[in-house]
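In what follows, a single structure is set out as structure tokens and then discussed.
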Amino acid sequence: MKKTLAHPLARLLAVLILVFCIAESGVALADGPRSLKEAMFGKKADDGRSPSRPAVAHFKSEDGQSFILDESGNRSLMRFDGEDEVWLLTPTQGPKGDVIYKNDTGEAVLKSTRWGGMILFSDDRPMGDPAAVTGKAEAFTPGRMSPSLLFQSLVHASRRVSLAIGRNIGFDAPDVTPGADFLYADAAGVAAEALVQVSQQSRGKQIMAPIRTVQFIEGRPPSASLQNGILVLKLDISRGDWSGRPSSRRIFNVILTSAPVGSSARR
């Protein structure tokens, strides 16, 4: 009689132990890797960034190009070493789990692979150049700016372009919203860089012949256009620094596509 009663009790105890073990292992599986790839390379963050990569990381590509990728905030920002321009990149989902970072012209600049690697695209390496993290970096912060410093920035940008093409090109910001001085100054520097790049192209000065001045206005979305000899740059102050102006690449492309028929340039 005792032996008969022991069997059901033993089976019940075994079932309870099994249920407890399954529950514990379920928690462990939820917290642990869900695949062999995840066990080997780690999970990816929600934004596609490998958790082993710093939020603000310095990279160096195989051909020697170095840059910083800042993903510490709600934007992806990039700057090449030795340059002033900060690029706003838009992460988009690519094939096979890759993340493609595009600039404001839709061109792919970076690719974060599903294995955690990084690829840098450029005019010289259109198929991509592997880049490795060399360490942490400081997040980008807007520089100190005031109305008087903004005026100096506009004068400097005008002088730089004028020297490049051999004639005067004015930079005009007729109605600056208080507090937006840095955005305007940054946009002036980016515009100057684009215009100098155009002047260095084949027949670049001929392409720039119709441009008499650069004017900054406020509006949405950020854009660049050529209107009656005026290069108009629209700035969206609601987007904040770097996000509220077009990139030098976009300005460069607008000038080239607006060039008179017969005026060609080589990038």
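Please read these numbers as outputs of a predicted model, since none were measured by experiment.
Enclosure of atom CG in D81 by more than 12 non-hydrogen atoms of other residues, nucleotides or ligands within 6.0 angstrom is indicated. Under a cut-off of 6.0 angstrom, the local environment of CD in Q93 is crowded, with over 12 non-hydrogen atoms contributed by other residues, nucleotides or ligands. Annotation: R220, atom CZ; neighbour count of heavy atoms from other residues, nucleotides and ligands within 6.0 Å does not exceed 12. Residue-environment remark: CZ (F80) exceeds the threshold of 12 foreign heavy atoms within 6.0 Å. Counting heavy-atom neighbours within 6.0 Å of H156 NE2, excluding the residue itself, gives a total of 12 or less.
Residue F171 is grouped with residue I165 when hydrophobic side chains (ILVMFWY) are merged at heavy-atom distances under 4.5 angstrom, including chains of intermediate members. In the hydrophobic clustering of ILVMFWY residues, with side-chain heavy atoms under 4.5 Å counting as a link, I119 and W87 come out apart. By the rule that hydrophobic residues join a cluster once side-chain heavy atoms approach within less than 4.5 Å of another member, L149 and L183 end up as members of one cluster. Cluster membership check: L88 shares its hydrophobic cluster with V190, using side-chain heavy-atom separations under 4.5 Å among Ile, Leu, Val, Met, Phe, Trp and Tyr.
Between P222 and K234 there is no side-chain heavy-atom pair separated by less than 4.5 Å. Two residues are said to be in side-chain contact when any heavy atoms from C-beta on lie closer than 4.5 Å; F216 and V176 fail this criterion. Side-chain contact between L233 and I251: present, with at least one pair of heavy atoms (C-beta onward) separated by less than 4.5 Å. Looking only at side-chain heavy atoms (C-beta outward), I68 and F140 come within less than 4.5 Å of each other. A heavy-atom distance below 4.5 Å is not found between the side chains of D70 and S76. The shortest distance between side-chain heavy atoms of I207 and L256 falls below 4.5 Å. The shortest distance between side-chain heavy atoms of R125 and Q65 does not fall below 4.5 Å. In this structure the side chain of Q152 never reaches within 4.5 angstrom of the side chain of V155, judged on heavy atoms.
Interatomic distance, D175 CG to Q215 CD, rounded to the nearest 0.5 Å: 10.5 Å. The line from OH of Y101 to CG of L69 is 5.5 Å long, rounded to the nearest 0.5 Å. Taking CG of L120 as the reference point, atom CG of D63 lies at 7.0 Å (rounded to 0.5 Å). Distance NE2/H58 to NZ/K60: 8.5 Å, rounded to 0.5 Å. Distance CE/M118 to CG/D129: 12.5 Å, rounded to 0.5 Å. Between S112 atom OG and D98 atom CG the span is 7.5 Å, to the nearest 0.5 Å.
When all heavy atoms of L195 and M208 are compared, the closest pair comes out as O-SD, 3.4 Å. Closest approach of P54 and A57 over heavy atoms only: O-CB, 3.8 Å. A pairwise comparison of heavy atoms in R239 and P221 identifies NH2-CB, 3.7 Å as the closest pair. Considering all non-hydrogen atoms of both residues, A173 and Y184 come closest at CB-CD2, 3.8 Å. In this structure, A157 and A188 approach most closely via the heavy-atom pair CB-O, 3.7 Å.
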Q: For F121 and K111, run side-chain contact (heavy atoms from CB on, under 4.5 Å): C-alpha distance rounded to whole Å, both residues' side-chain angles, the deciding distance at 0.1 Å, then the answer.
A: CA-CA 8 Å; F121 300 101; K111 178 172 75 172; 3.7 Å; yes
Q. side-chain contact (heavy atoms from CB on, under 4.5 Å) between N168 and R212: does it pass, once the steps are laid out?
A. CA-CA 8 Å; N168 185 58; R212 301 188 309 272; over 6 Å; no
**Q.** Worked verdict on L89 versus L77 for side-chain contact (heavy atoms from CB on, under 4.5 Å)
**A.** CA-CA 6 Å; L89 303 180; L77 303 172; over 6 Å; no
(Q) As a quick check of understanding, evaluate side-chain contact (heavy atoms from CB on, under 4.5 Å) for S66 and F59, giving each step before the final call. (A) CA-CA 6 Å; S66 300; F59 292 82; over 6 Å; no
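A donor-acceptor pair shorter than 3.5 Å cannot be found between the side chains of D124 and S122. T177 and E218 form a side-chain donor-acceptor contact under 3.5 Å, judged by distance and modelled atom types alone. Side-chain contact check for S243 and R75: at least one donor-acceptor pair (N or O, by modelled atom type) lies under 3.5 Å. There is no side-chain donor-acceptor pair under 3.5 Å between T213 and D172.
Other cluster members for I100: none, since no ILVMFWY side-chain heavy atom sits under 4.5 Å from it. Summarising the hydrophobic clusters (Ile, Leu, Val, Met, Phe, Trp, Tyr; side-chain heavy atoms under 4.5 Å, direct or chained), the residues clustered with V232 are I217, I230.
At least one donor-acceptor pair under 3.5 Å links the side chain of T257 to the backbone N or O of V254. Put simply, the side chain of D186 never gets that close to the backbone of G189: no donor and acceptor are under 3.5 Å apart. Of the possible donor and acceptor atoms, one in the side chain of S162 sits under 3.5 Å from a partner among the backbone N and O of I169. Side-chain atoms of S199 come within 3.5 Å of backbone N or O of V196 as a donor-acceptor pair.
Here E85 pairs with R245 in a salt bridge; the nearest charged N to carboxylate O distance falls below 4.0 Å.
Test R249, R250, K102 against E107 for salt bridge (Lys or Arg N to Asp or Glu O under 4.0 Å) and you get one pass: R249. Only one option out of P142, S153, P147 pairs with D181 in a side chain to side chain contact (heavy atoms under 4.5 Å, CB included); it is P147.
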